[in-house]
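Reading through the structure tokens given below for one structure.
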Amino acid sequence: MLFPSLIQERLAQALLRSGLDIPASFEPSVTAAQDTRFGDYQSNAAMVLAKQLRCNPRETASAIASAFEGGDLCDAPEIAGPGFLNFRLRPAAFSAALAAILTDSRQGVPQASPPRRIVVDFSAPNVAKPMHVGHIRSTIIGDCLARTARFLGHEVTTDNHIGDWGTQFGMILHGWKTLLDAEALEADPVAELLRIYKEINTLCKEDETVRDQCRAELVALQAGDPENLKIWKTCVDLSIAGLGKLYDRLDVSFDHWLGESHYNDRLAPLVEDLIARSVARESEGAICIFFTEHPALAEKPCLIRKADGGFLYATTDLATIDFRIEQWQAEEIWYVVGAPQQLHFQQIFESVRLAAAAGRGPATPPALRHIAHGSILGADRKLMKTRSGDNVQLADVLDEAITRARAVVEEKNPDLPAAEKDEIASIIGIGAVKFAELSQHRMTDYIFSWEKMLALQGDTAPYLQYSSVRIQSIFRKLEGPAPDWTALDPTSFTFQDESETRLLRLLARFAEVVPSVLDDHRPNLLAGYLLELAGAFHAFFAACPVLKAEVSARTSRLALCAATNKVLQTGLGLLGIRVPKRM
RNA sequence: GCACCCGUAGUUCAACGGAUAGAACGGAGGCCUCCGGAGCCUCAGGUAGAGGUUCGAUUCCUCUCGGGUGCACCA
């Protein structure tokens with residue numbers, strides 16, 4: 001049940017009846033009122049129209065209002081301020097929405113129509129180096145967007161485009177051959193790979209000959225040297241196993257792990273084809289795509305083949321797009337990648353456009369979107385460099401989060417079985433880390449802080465989880481089965497307290513909020529909504545007894561509790577956050 | 001040099017061009033022997049600056065100041 005759409009339909013009909021000269025393209029917008037004093041929903045249609053028609057906005061509003069027929073949804077809107085149309089829904093409409101949340105498997109969230117085939121490219125760490133905190137943003141935002149798109153009915157393919165090929169393997173190969181400690185590798189492969197990477201990295205900076213040796217190893221690898229290929233494969237397998245453990249802890253999964261190496265065979269023919277189509281040309285020995293008619297990119301060509309014949313990651317990205325079109329018929333590709341790579345994606349997207357114009361690929365290439373996010377900065381306000389390898393490890397962050405959560409569980413609930421405490425601590429700790437990320441605008445840069453990332457109080461996941469846990473606790477105490485909501489007549493609901501109606505209003509908005517996440521790819525809209533919902537729930541819960549209420553109010557309040565719990569669990573699920581039974 | 005991102009309470013963050021700019025943390029003060037106090041209720045406190053677009057600007061445009069980032073053979 002989507003109130004803005006329902007109101008919008010009636011508003012559109014009112015416009016036709018109003019006698020106003022409505023432009024054909026005009027669509028009235030209806031949004032939730034920001035302040036309940038103004039009603040439940042509002043529209044600025046009269047003001048927008050008045051501007052176009054050059055007439056008085058309040059008179060326009062009045063004409064629309066008197067032509068408006070709300071049926072059993074609401075009465076005619078009130079006119080307020082400069083010409084707002086304010087709608088107040090009938091209590092029965094909210095009761096119906098509540099019933100829908102309780103009985104509908106989608107909590108009233110509409111199915112996307114038409115569904116799109118979307119490839120979500122996120123996380124994409126380089127192998128042979130463990131993930132540090134900087135990787136958390138793409139991983140968690142991407143996972144949330146993929147979950148949300150799926151929930152809305154889109155056909156989603158997630159692909160972890162890992163960095164499993166390229167220059168860094170020259171260093172790793174050289175390090176493997178000269179520095180490897182077999183025992184250490186056995187004990188903790190990822191740590192040992194990191195160690196040799198860091199050591200070689202340092203040596204390279206100091207010593208020219210080491211750098212040359214690394215380069216030679218890389219050339220050998222790319223030329224197909226069997227020994228190097230074998231070592232490379234071993235490294236990749238070990239890294240993937242290590243990454244897998246981390247993703248398991250994060251409850252993040254991918255449909256595919258098609259890394260850069262997967263596209264090696266496509267690179268040379270791709271470049272040849274682009275040359276043949278005059279999309280790319282030689283310049284200073286390299287093969288480049290120039291964007292002459294694009295002012296911002298006029299002096300920023302995209303290199304797709306080096307003078308030495310080697311390929312670059314732009315080449316791989318272009319080949320990857322081909323693959324995703326051929327294999328998955330992608331209609332959209334979302335790249336959840338940090339903002340510093342904006343130029344790169346501009347170049348890639350523009351290259352695809354040029355190639356398509358030159359007859360390469362399908363007539364309508366997929367919509368390509370760079371879903372950029374800000375950076376996590378070190379204490380010095382500088383970027384955490386992916387390459388330096390000495391940043392805070394993601395695994396350490398998760399460990400610490402769980403340790404802290406475990407301590408709180410111990411304090412609050414000492415009598416729980418140890419295994420359950422561990423389980424709860426994991427759910428709470430990981431949830432806190434994820435929510436810290438998802439609750440802020442994705443473009444915001446922030447300085448890494450244990451305190452911020454691991455907070456358990458205030459606007460955090462544990463606050464939301466706690467809300468759900470309290471509701472679950474009520475239903476455990478209920479003694480006897482919960483009401484059968486499908487058999488209940490929604491008109492029997494009664495709500496008097498202001499905290500009840502506020503909660504009800506928010507519950508009904510879930511159906512609006514979930515789709516809005518994908519409008520601009522912003523999980524923080526959902527996170528913010530859930531905080532607001534939980535806040536409204538706690539206020540209600542503090543003000544209104546549920547189990548001890550008299551019978552008529554009791555069922556209605558139980559319904560609010562059940563619906564709140566459903567929305568919290570579904571919403572947190574879309575954020576990739578689980579909810580314990582107790583905490 | 002060209003391009004992109006960001007400047008909001010003491011702090012960390014919100015706010016499809018909408019009405020009196022919201023939270024949280026920190027600070028001050030409260031919460032009945034009642035469903036779990038990871039909670040609830042008060043109070044204090046803010047849009048970097050200057051123009052412009054408009055009925056209306058934190059939001060869009062221009063400039064200034066201040067912070068960050070990216071730009072030819074790494075990924």
Side-chain angles (χ1 to χ4, degrees), chain A residues 29 31 33-35 37-38 42 44 47-48 50-51 56-58 80-84 86 124 126 163 165-168 260 283-288 295-308 310-314 316-317 338-344 346-347 372 374-375 377 381-383 386-387 405 408-409 411-413 428 436 439-441 443-447 449 451-452 455-460 462-463 465-467 469-471 473-474 476-478 516 519-520 522 524-525 527-528 531-532 534-535 538-549 561 582-583:
Chain A
S29 85
T31 58
Q34 294 204 334
D35 191 318
R37 279 172 315 158
F38 300 129
Q42 64 180 44
N44 60 3
M47 293 181 288
V48 175
K51 183 190 281 187
N56 182 295
R58 284 192 66 105
F84 285 104
N86 289 334
N126 279 334
W165 194 254
T167 344
Q168 87 260 29
E260 293 171 337
S283 167
E284 296 174 35
I287 303 299
C288 307
L297 296 180
E299 291 178 10
K300 314 217 185 291
C302 178
L303 270 71
I304 55 173
R305 194 170 76 198
K306 297 191 282 184
D308 69 6
F311 302 104
L312 297 107
Y313 86 135
T316 312
D317 275 1
Q341 299 207 40
Q342 275 175 144
L343 177 59
H344 167 70
Q346 254 187 303
Q347 292 176 325
S375 307
L377 311 172
R381 284 204 62 82
K382 290 284 172 57
L383 228 52
T386 313
R387 272 151 234 221
V408 179
V409 176
E411 173 201 328
K412 307 268 181 190
N413 255 322
I428 305 276
S439 60
Q440 67 192 337
H441 190 112
M443 281 308 295
T444 305
D445 290 342
Y446 62 88
I447 297 171
S449 139
E451 193 184 316
K452 177 189 170 74
L456 302 177
Q457 274 167 5
D459 282 352
T460 62
Y463 177 67
Q465 291 162 325
Y466 178 69
S467 310
V469 162
R470 292 299 302 274
I471 297 171
S473 169
I474 289 177
R476 272 196 299 271
K477 288 213 156 105
L478 188 56
S516 78
D519 288 347
D520 195 31
R522 298 211 4 220
N524 73 308
L525 295 178
L531 286 172
E532 209 181 336
H538 280 290
F540 151 74
F541 189 62
C544 302
V546 176
L547 293 174
K548 287 168 187 166
C561 289
R582 300 184 283 191
M583 64 189 272

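Throughout, protein chains are lettered first and strands after them, A, B, ... in sequence-line order, and every chain is numbered starting at 1. On a predicted model such as this, the values are computed, not experimentally measured, just so you know.
- Comparing atom distances between the A:Q42 side chain and each of B:U20, B:A19, B:C73 picks out B:A19 as nearest.
- Among the atoms of the strands shown, base atoms are found under 4.0 Å from some heavy atom of A:S29.
- Counting only heavy atoms from C-beta on, A:Y466 has its side chain closest to B:A38 among B:A24, B:C16, B:A38.
- Going from the P atom of B:G30 to that of B:G66 covers 47 Å, rounded to whole Å.
- Closest to the A:V408 side chain, of the nucleotides B:C73, B:A38, B:C35, is B:A38.
- Within 4.0 Å (heavy atoms only), A:C544 reaches at least one base atom of the nucleic acid.
- Listed nucleotides B:C73, B:C41, B:G56 differ in distance to A:A539; the shortest reach to its side chain belongs to B:C41.
- If you check every strand for non-hydrogen atoms under 4.0 Å, A:N413 touches a base.
- In terms of modelled atom types and a separation under 3.5 Å, the side chain of A:N86 and the main chain of A:Q42 share no donor-acceptor contact.
- Side-chain atoms of A:P462 lie closest to B:A38 of the nucleotides B:G18, B:A38, B:C73.
- Between A:Y313 and A:Q341, the closest side-chain pair of non-hydrogen atoms falls below 4.5 Å.
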Base-pairing string, 5' to 3', of RNA chain B - Watson-Crick or wobble, under 3.5 Å, | interstrand
(((((.(..((((....[...)))).(((((.......)))))....(((((..]....)))))).)))))....
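- The backbone N or O of A:Y446 sits nowhere less than 3.5 Å from a side-chain atom of A:Q440 that would complete a donor-acceptor pair.
- Interatomic distance, A:N524 CG to A:L531 CG, rounded to the nearest 0.5 Å: 10.5 Å.
- Counting heavy atoms from C-beta outward, A:M583 and A:N413 have side chains that stay 4.5 Å or more apart.
- Going from atom CD of A:Q457 over to atom C1' of B:A23 covers 16 Å, rounded to whole Å.
- When heavy atoms are screened at a 4.0 angstrom cut-off, A:A80 is found touching base atoms of the nucleic acid.
- The side chain of A:V48 lies closest to B:G18 when the candidates are B:A38, B:G18, B:A75.
- Counting to the nearest Å, the P atom of B:A38 and the CD atom of A:Q465 are 14 Å from each other.
- A:S467 is listed as a side-chain neighbour of A:H538, based on a closest heavy-atom distance under 4.5 Å.
- Stacking is not found between A:Y463 and the pyrimidine-like six-membered ring of the B:A38 base under the 5.5 Å centre-distance and 30° plane-angle cut-offs.
- Under the 4.5 Å side-chain criterion, counting only non-hydrogen atoms from C-beta, A:Q457 is not in contact with A:Y463.
- Put simply, CZ on A:F311 is 13 Å from C1' on B:C73, counting in whole angstrom units.
- For A:P340, the listed nucleotide lying nearest its side chain is B:U69; candidates were B:U69, B:U20, B:G39.
- Remark: A:K412 is in phosphate contact with B:A38, judged by side-chain N or O atoms under 4.0 Å from OP1 or OP2.
- Between the CD atom of A:Q341 and the C1' atom of B:G68 there is a distance of 16 Å, rounded to whole Å.
- A:E260 comes within contact range of the sugar-phosphate backbone alone, with a heavy-atom separation under 4.0 Å but no base atom that close.
- Mapping A:A286 and A:Q34 onto RNA chain B by nearest heavy atom places A:Q34 closer to the 5' end of the strand.
- Here the P atom of nucleotide B:G37 and the CG atom of A:L456 are 18 Å apart, to the nearest Å.
- Within the nucleic acid shown, A:T167 comes within 4.0 Å of sugar-phosphate atoms alone, with no base atom in reach, counting heavy atoms only.
- Residue side chain A:D35 does not reach the base of B:A21 through any donor-acceptor N/O pair under 3.5 Å, judged by distance alone.
- Taking atom P on both nucleotides, B:C65 is separated from B:A50 by 15 Å, rounded to a whole Å.
- Between the C1' atoms of B:A57 and B:G1, the separation comes to 33 Å (whole Å).
- Spacing between B:A19 and B:G49 at atom C1', rounded to whole Å, works out to 26 Å.
- When side chains are defined from C-beta on, A:W165 does not count as touching A:T316, because their heavy atoms never get closer than 4.5 Å.
- Residues A:C561 and A:V546 form a side-chain contact, since some pair of their non-hydrogen atoms from C-beta on lies under 4.5 Å apart.
- Using a 4.5 Å heavy-atom threshold, the side chains of A:L303 and A:C288 count as touching.
- A donor-acceptor pair under 3.5 Å links the side-chain atoms of A:Q347 to the main chain of A:P301, judged by distance alone.
- One N or O donor and one acceptor, one from the side chain of A:S283 and one from the base of B:A72, sit under 3.5 Å apart.
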Check: protein-nucleotides 2-12 of chain B nitrogen or oxygen pairs below 3.5 Å:
residue, atom, partner, partner atom, Å
B:C2, O2, A:K300, NZ, 3.1
B:C4, O2', A:Q342, NE2, 2.2
B:U12, O2', A:K452, NZ, 2.6

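- Here A:F84 does not count as stacked on B:G18, because the ring centres are not under 5.5 angstrom apart with planes under 30°.
- In this structure, A:H538 places its NE2 atom 15 Å from P of B:C35, rounding to the nearest Å.
- Looking at heavy-atom distances under 4.0 Å, A:F540 makes no contact with the nucleic acid at all.
- Between A:S473 and B:G36 there is a side-chain polar atom (N or O) within less than 4.0 angstrom of OP1 or OP2.
- Separating the CG atom of A:L303 from the P atom of B:C71 is a distance of 12 Å, rounded to the nearest angstrom.
- In this structure, the nucleotide among B:C35, B:C55, B:C16 sitting nearest to the side chain of A:L547 is B:C35.
- For the C1' atoms, the distance from B:C2 to B:U58 is 28 Å, rounded to whole Å.
- Along RNA chain B, the nucleotide closest to A:Q347 and the one closest to A:R476 are compared, and the more 5′ of them pairs with A:R476.
- No engagement by A:N56 is indicated, since no non-hydrogen atom pair under 4.0 Å with the nucleic acid exists.
- The side chain of A:C288 lies closest to B:A72, out of B:A75, B:C35, B:A72.
- Contact annotation: the side chain of A:N44 never approaches that of A:T31 to less than 4.5 Å [non-hydrogen atoms, C-beta and beyond].
- Ranking B:A75, B:C73, B:G37 by closeness to the A:R470 side chain, first place goes to B:G37.
- Counting only distance, with no hydrogens or angles, the side chain of A:R58 and the backbone of A:G81 share a donor-acceptor pair below 3.5 Å.
- Look at OH on A:Y313: it is 13 Å from C1' on B:C73, rounded to the nearest Å.
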